[in-house]
2 protein chains.
Amino acid sequence: MRFTTQAEYGLICTLHLARFGAAGPVAAREMAEKEDLPADYTEKILRRLRQAGIVTSVRGVSGGFELARDAREISVKDVVEATEGSTFEINCRQHPVGAERCDTTHDCSIRPVWYALRTKIDELLDQIRISDLLEGGEVGVTELIDITWQDHGDTNLTMER
Amino acid sequence: MRFTTQAEYGLICTLHLARFGAAGPVAAREMAEKEDLPADYTEKILRRLRQAGIVTSVRGVSGGFELARDAREISVKDVVEATEGSTFEINCRQHPVGAERCDTTHDCSIRPVWYALRTKIDELLDQIRISDLLEGGEVGVTELIDITWQDHGDTNLTMER
DNA sequence: CCGAATCTTGACTGATTCACTCCGGATTGA
DNA sequence: TCAATCCGGAGTGAATCAGTCAAGATTCGG
C-alpha cells in the first residue's frame, strides 16, 4: 500500500506555494522547473488542488497559483484527499470481495479493522499542517510529529508522566 | 491508497483456519469453496502465508493447511505483510520522485510524514490479533479496537481519567 | 486589438500492477 | 499405481499510474 506520486507532488507544490507564494502567484511551469517535476503533470496536480479549494489560480500573462488560505489551515490530509481522492479506501465498497460477503447487512469481523485504520490515518494526516513542514527541516518535523502523535488531544498527559 | 485483495483474502484464509483448522489440515480448494473465493488464487495466497511462516502445509491426499501458531500470536500486520509484502511503502526508496530529492542525504520535510504514518499503521495492525476477530462479530471487534487504540500501551491512562 | 503567457479541459499512451488462471511437477495415502 | 493434494512459476486481460499532448479560454502589455 502506498500513495501515488500525485500525493507527493501535491505536497511539494503546496509547500512551494507556502514558501514562495507570498509575493504573488507562481506559474505552474516555473514551479515545475524549480522543483524538478514534469511540467504538464504539475499543471494537472495544481488543477486538482484548485478544484479542492486548496489553491486559487490567476489566469493571464502574469498569472499562476497561490494558496487559498493560510498554511496553518491546510493539512496534509487535505492535500492527499485532493490529489488521490481519498486517504485510505475501504475495499468493501469500491472493490468488494463478493457482493454478499461485503454487503453491509452481512456481519464481517474484518471490516472494523479497515475502518479503524482509516480513522488512524486520517487523524495523523489531519494533525500535520503545511505550516508544520515549512521550518525545522527534516529533523525538526520528525520531532514535531513525535510530540504531536503522543498527544491525542490530552495536553496534560505528557506533563503528568 | 488501499490494500489489494491479497490482504483481504489472506485474512479470510487465516481466519478460516483459526475457526475450522483445529480438527486437522484444511485443503485449499475446500477453503476456497466455503469462503467463496477463487480456488487457484487462494492457493497462491496460502503459499505466501506459508512462506511467511503463518501457516504450515501438509502434502498428499488428506493434506491441507493449518495455523503455524496460536491465533493470539498472529497479528493482522503479520498477514498483511505476508500477502502484500509491506503495510505502507515509503516512496522515497521504491518510487523516488527524482534521485536527488529522495536521497537520504537531502533534507526533505515531507519524508517524516510518511515514516510517522507507517509507524501508526504498523502499531494498529500489530495490536489486532486473529484471535480478536474470532468472536464478538463485527460489533464486538469494533468495540474491542476502540478500546485497544485509546490504550497506546499506557494501561493506567484509561483508569486515571 | 493583437499576441504572448498563462490557466483549463479532456483525450491519449506506454508501463506497471492487479487479479486472477494454467500447467507441469513433487509428495503422500489408499 | 492413482488420485488428491501442495508447489512454483509462467501467462493474461483489465485497471491504474505517470505522464504527454492538443485545443481552447483568459488576461495583460504594447
Side-chain angles (χ1 to χ4, degrees), chain A residues 1-10 12-13 17 21 24-33 35-66 68 80 83-86 89 91 94-98 102, chain B residues 1-10 12-13 17 21 24-33 35-66 68 80 83-86 89 91 94-98 102:
Chain A
M1 185 171 73
R2 67 183 177 100
F3 285 126
T4 67
T5 54
Q6 298 196 46
E8 196 95 29
Y9 291 175
I12 292 170
C13 290
L17 290 180
V26 182
R29 192 154 290 271
E30 184 197 336
M31 194 186 312
E33 200 176 337
E35 297 289 348
D36 197 29
L37 301 178
D40 289 310
Y41 200 31
T42 302
E43 263 185 90
K44 191 175 212 165
I45 307 275
L46 284 166
R47 220 183 298 163
R48 292 192 176 218
L49 292 174
R50 183 184 56 81
Q51 283 160 356
I54 294 172
V55 306
T56 56
S57 63
V58 183
R59 299 171 89 165
V61 173
S62 55
F65 297 86
E66 289 174 297
V80 169
T83 50
E84 300 252 319
S86 72
E89 190 178 336
N91 283 338
Q94 271 87 10
H95 301 267
V97 173
C102 295
Chain B
M1 184 169 73
R2 67 184 177 101
F3 286 127
T4 67
T5 54
Q6 299 196 47
E8 196 95 31
Y9 291 176
I12 292 169
C13 290
L17 291 179
V26 182
R29 193 154 290 270
E30 185 197 336
M31 193 186 314
E33 199 176 337
E35 297 289 349
D36 197 29
L37 300 178
D40 289 311
Y41 200 33
T42 303
E43 263 186 273
K44 190 173 214 166
I45 308 272
L46 284 165
R47 225 178 294 159
R48 290 193 178 215
L49 292 174
R50 183 186 54 81
Q51 284 160 356
I54 293 171
V55 305
T56 54
S57 62
V58 182
R59 300 172 87 164
V61 173
S62 55
F65 296 86
E66 290 174 297
V80 169
T83 50
E84 300 252 320
S86 71
E89 190 178 334
N91 282 338
Q94 272 87 10
H95 300 267
V97 174
C102 294

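Reminder, nothing fancy here: chain letters follow the sequence lines and each chain counts from 1.
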What are the two closest non-hydrogen atoms of [X] and [Y], and how far apart are they?
{"X": "A:Y41", "Y": "A:T5", "result": "OH-OG1, 3.5 Å"}
{"X": "A:E43", "Y": "A:A28", "result": "CG-CB, 3.5 Å"}
{"X": "B:S62", "Y": "B:P25", "result": "O-CG, 3.9 Å"}
{"X": "A:A39", "Y": "A:R29", "result": "CB-NH1, 3.9 Å"}
{"X": "A:A68", "Y": "A:G53", "result": "CB-O, 3.3 Å"}
{"X": "B:V80", "Y": "B:S86", "result": "CG1-O, 4.1 Å"}

If I take atom [atom1] in residue [X] and atom [atom2] in nucleotide [N], what distance separates them, rounded to the nearest angstrom?
{"X": "A:R2", "N": "C:dC18", "atom1": "CZ", "atom2": "P", "answer": "8 Å"}
{"X": "A:Q6", "N": "C:dT16", "atom1": "CD", "atom2": "P", "answer": "18 Å"}
{"X": "A:E66", "N": "C:dT6", "atom1": "CD", "atom2": "P", "answer": "15 Å"}
{"X": "A:E84", "N": "D:dC17", "atom1": "CD", "atom2": "P", "answer": "7 Å"}
{"X": "A:E8", "N": "D:dC17", "atom1": "CD", "atom2": "P", "answer": "15 Å"}
{"X": "A:E33", "N": "C:dA5", "atom1": "CD", "atom2": "P", "answer": "14 Å"}

Original post:
Is A:Y9 touching bases, backbone alone, or none of the nucleic acid, heavy atoms closer than 4.0 Å?
Top reply: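 Sugar-phosphate, no base atom in range.
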I want to check one thing: is the phosphate of [N], taken as OP1 and OP2, less than 4.0 Å away from some side-chain N or O of [X]?
{"X": "A:S57", "N": "C:dT6", "value": "no"}
{"X": "B:T4", "N": "C:dT17", "value": "no"}
{"X": "A:T5", "N": "D:dA18", "value": "yes"}

**OP:** Describe, as an angle rounded to 10 degrees, how the axis at the first end of the helix from C:dC1-D:dG30 to C:dA30-D:dT1 is tilted relative to the axis at the last end, five pairs per end.
**Re:** 0°
Less than 4.5 Å apart, side chain to side chain, heavy atoms only: is that true for [X] and [Y]?
{"X": "B:I45", "Y": "B:T83", "result": "yes"}
{"X": "B:T42", "Y": "B:C13", "result": "yes"}
{"X": "B:M31", "Y": "B:L46", "result": "yes"}
{"X": "A:L17", "Y": "A:F65", "result": "yes"}

**OP:** Would you confirm whether A:E84, through its side chain, and A:T4, through its main-chain N or O, come within 3.5 Å as a donor-acceptor pair?
**Re:** yes
Pairwise N/O distances under 3.5 Å, protein to nucleotides 2-5 of chain D:
| residue | atom | partner | partner atom | Å |
| --- | --- | --- | --- | --- |
| D:dA4 | O3' | B:V61 | O | 3.4 |

**OP:** Tell me which residues in residues 36-51 of chain B put a heavy atom below 4.0 Å from DNA chain C, sorted by number, or none.
**Re:** B:P38, B:D40, B:Y41, B:K44
